[in-house]
Amino acid sequence: MDRQLILHKPFAELLAEMPFAGDFFESQGLEAPTASVKDFIDNLTDTQLEDMGIEPSEFLNNFFTFLEAVGSMTEKTSVISSLTITGGINKKGEDENFELEIKAGEIICIVGPTGSGKSRLLADIEWMAMGDTPTKRRIKINGADPDKSWRFSPEHKPVAQLSQNMNFVMDLTAREFVKIHAESRFVQNPDEKVELIIEKANELAGEKFDGDTPVTSLSGGQSRALMIADTAFLSKSPIVLIDEIENAGIDRKKALDLLVGEEKIVLMSTHDPILALMGDKRLVIKNGGVAKIIATSAKERENLEQLQELDKKLLELRNRVRTGDTLEEI
Amino acid sequence: MRFVTVSGPPSSGKTAVILKTVESLRQRGMKAGVVKFDCLYTDDDKLYEQKGIPVKKGLSGALCPDHYFVSNVSESFEWGKKQGVDILISESAGLCNRCSPHIKEILAVCVIDNLSGINTPKKIGPMLKSADVVVITKGDIVSQAEREVFASRVATVNPTASIMHVNGITGQGAFELSTLFADEKTETDTLDGKSLRFSMPSALCSYCLGEKRIGSKYQMGNVRKMDVDNG
């Protein structure tokens, strides 16, 4: 990036090349420059400088860093095709002794009681541990050590978390909500993306909802569906961590298919037998370490079908209760 | 001794973040002390004491809190040295969003929470804009999309900062933050002669000197008027 060129170019021309350049000025509460950025900085009054709350040199440095960061965000960044976890030690100091390669599109379940160390495992992945965390685990991306600077940059955040006790703080309609997210990612065609996400979310949700519904009025299942569709299509994070998907108001199989279809790596913390068997492998956590890795067997897959039958039956009964039917005949 | 300035809007989770980070520093074998600046009242010093962390409390009372901070920070630093701590953390709230305790060549951390609304990063001045590290808290109670939007807004306002998510309750992310606190670059002998990253809010008008009456004729010194007739 030629900083001198950017500095002297008329701002309108710069905007034509980098439409997001205006966002930086807006975020600082400043009017966009009418001539060049250089001209803008040179003509700031003392009061304006005071109000900016930042030295001009630092302001320019931030401006260029911002342009570079967003520029690299809008480029097609390298795809994460695999994540490798190399075991470290558990809380007792014993070797975990494992190496696990997870490929894009795989579902890995994480099981173990509260306090067993599930969060630490996820934190190790999130921090891209290099033997420098209490567990001494190592994480590799595409078979190589990740760049250390990724640890601190939001656009390289590897893990998107869909937790169970999630709230919406923004008071917006579903459509506006997704649009703000799309804009913050500087996606090229935000409106198209928004419609796609609302449509996909509706395929997952038990009860349909309109894009004009305020997010705060969505049911638990609907908000979950919206967040899963949103994460599948808008989140840059290649790894999605799901904390249990409750068996209500959402098609769980479709939800996982949607994420996996977008080449995400899905890590799911669950104790639900159906979800556990939908996974390719299960990591059993004990004493702060991975005690066992179970690959879902053919026999287990057969049982999954039976479990799904049972589940379907329960769902039917649930719908009958909802519509005011009696349950004397089941 | 290493020194770190931690600032952030009231109730953003500064104390919780520091408590968890100090725990992680201990596991690394580092002893930390805290100097807590506040305005009228704080109980946070007791929280630090309970954890056996050496703590000094300073209340600015009727004075501008940031002017009070900068007038006392060098003495606080000397206090920390006497306590024999490896790292001293100053905690202060940026009450008017224009305040900033950050010092050149000293690690500057701003704590800001997801619940404060997506326009908040825009509203905060040098405390956020000139920080080296921005810690975002309360991520466990909002949706993934909101976390991403918030972090992206922070990155727009301060693109050079390292942005971290820390949960003040579970401590998730505190270990990671402690790696930055423990960095040797934060080592310094004295604060005397160092310089603030940005000037403090300008003042000195008649109200600074105790004037109570309202009206133009009572106003002297550094006074700025709104343009109420236009726009």
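Below, read A as the first sequence line, B as the second, and so on, with proteins coming before strands; counting in each chain starts at 1.
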Under 3.5 Å: donor-acceptor pair, side chain of Q28(A), backbone of V157(B):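 Here the side-chain-to-backbone pair exists.
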Considering all heavy atoms, the nearest [X]-[Y] contact:
| X | Y | answer |
| --- | --- | --- |
| E58(A) | K129(B) | OE2-O, 4.3 Å |
| A145(B) | H181(A) | CB-ND1, 3.7 Å |
| S152(B) | S184(A) | OG-O, 3.2 Å |
| F66(A) | T156(B) | CE1-CG2, 3.5 Å |
| L49(A) | F198(B) | O-CZ, 3.7 Å |
| E146(B) | V169(A) | OE2-N, 2.7 Å |

Separation of M170(A) CE from S143(B) OG (nearest 0.5 Å):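 Between atom OG of S143(B) and atom CE of M170(A) there are 6.5 Å.
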Spacing of R151(A) atom CZ and L180(B) atom CG [to the nearest 0.5 Å]: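 One finds 9.5 Å between CZ of R151(A) and CG of L180(B).
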Residue-level contacts of residues 158-175 of chain B with chain A, using a heavy-atom cutoff under 4.5 Å: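 Under the 4.5 Å heavy-atom cut-off, N158(B), P159(B), T160(B), A161(B), S162(B), I163(B), M164(B), H165(B), Q172(B), F175(B) qualify.
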Pair E148(B), S235(A): side-chain N/O donor-acceptor within cut-off below 3.5 Å: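 Yes, a side-chain donor-acceptor pair sits under 3.5 Å.
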Heavy-atom side-chain contact between R147(B) and Q161(A) under 4.5 Å: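 Counting from C-beta outward, R147(B) and Q161(A) do come under 4.5 Å.
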Heavy-atom check, side chain of I180(A) versus side chain of I118(B), under 4.5 Å: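 The answer is yes, as the side chains (C-beta and beyond) meet within the 4.5 Å cut-off.
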Between [X] and chain B, which part of the residue has a heavy atom less than 4.5 Å away: side chain, backbone, both or neither?
| X | answer |
| --- | --- |
| F59(A) | neither |
| D230(A) | side chain |
| E126(A) | neither |

When L162(A), T133(A), D23(A) are compared by non-hydrogen pairs under 4.5 Å with chain B, the top option: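 Looking at each of L162(A), T133(A), D23(A) in turn, T133(A) comes out on top.
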Residue selection (most heavy-atom pairs with chain B, distance under 4.5 Å) from P134(A), A129(A), S119(A):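 The candidate making the most pairs under 4.5 Å is P134(A).
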Lys/Arg-Asp/Glu bridge criterion (N-O < 4.0 Å) met for R197(B), E55(A):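 Between E55(A) and R197(B) there is no salt bridge, as every charged N stays at least 4.0 Å from the carboxylate O atoms.
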Contacting moiety of S24(B), where chain A heavy atoms sit under 4.5 Å: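 Neither the backbone nor the side chain of S24(B) comes within 4.5 Å of chain A.
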Which atoms of L128(B) approach chain A - backbone, side chain, both or neither, heavy atom under 4.5 Å: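 Contact with chain A involves no heavy atom of L128(B) at all.
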N119(B) atom CG: more than 12 heavy-atom contacts under 6.0 Å: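 Counting neighbours around CG of N119(B), more than 12 heavy atoms of other residues, nucleotides or ligands fall under 6.0 Å, so yes.
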